[in-house]
Each structure stands twice: as structure tokens, then as C-alpha cells.
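Keep in mind that the numbers below use all heavy atoms, side chains included, and drop hydrogens, waters and symmetry copies. Just so we're clear, the structure is a prediction, and the values are computed from it rather than from any experiment.
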Amino acid sequence: MAKSAVFGLASGLAVVILTLIVVAVVNLPQASGAVSATRSTEARCGLAEVTQDQGYGIARTVKREVCEALSTE
């Protein structure tokens, strides 16, 4: 019975490892496209005053980092 448990554990681990390898190989073209897409656009960031409405007519102004995407096409 101990040998069947060890065999089951080993085969389960083998299936998981093979699945991870297959997923990594299949997703390589998609991942490389995502990297090139992020490099083709740049973002310009700066601080801007943003009004936060807290309800009941109470609002406050805070400074937040706001980014604008720049297209390089």
C-alpha cells in the first residue's frame, strides 16, 4: 500500500510539472507580444489636484499621481 501511495504522489507531481511546462511553452508568443506592446507606449506622469467627494456636500482636494499614455505610432 505504501508503494501505491508513493507512485500516486510521484505521478501526480509529474502531471503538474508537465502541465506547467506545456502552459509556459504555449503562452510564449502571447507573452512576447505583451512585452513589446508595453515598450511601444510611454506614460507621462505628474501630480494633479483631485477632488474627492465624501458625501453630504463635503469634499476635499488631494494630490494624486495621474499618468497620460503617449502613443509612439
**OP:** Measure the spacing between CZ of R64 and CG of L47 and express it to the nearest 0.5 Å.
**Re:** 11.0 Å
List the atom pairs, with distances to 0.1 Å, where a side-chain N or O of residues 13-24 and a protein N or O form a donor-acceptor pair under 3.5 Å, not counting sequence neighbours.
from	atom 1	to	atom 2	distance (Å)
T19	OG1	V15	O	2.7

**OP:** Search all heavy atoms of D53 against all heavy atoms of I58 and return the closest pair with its distance.
**Re:** OD1-O, 3.1 Å
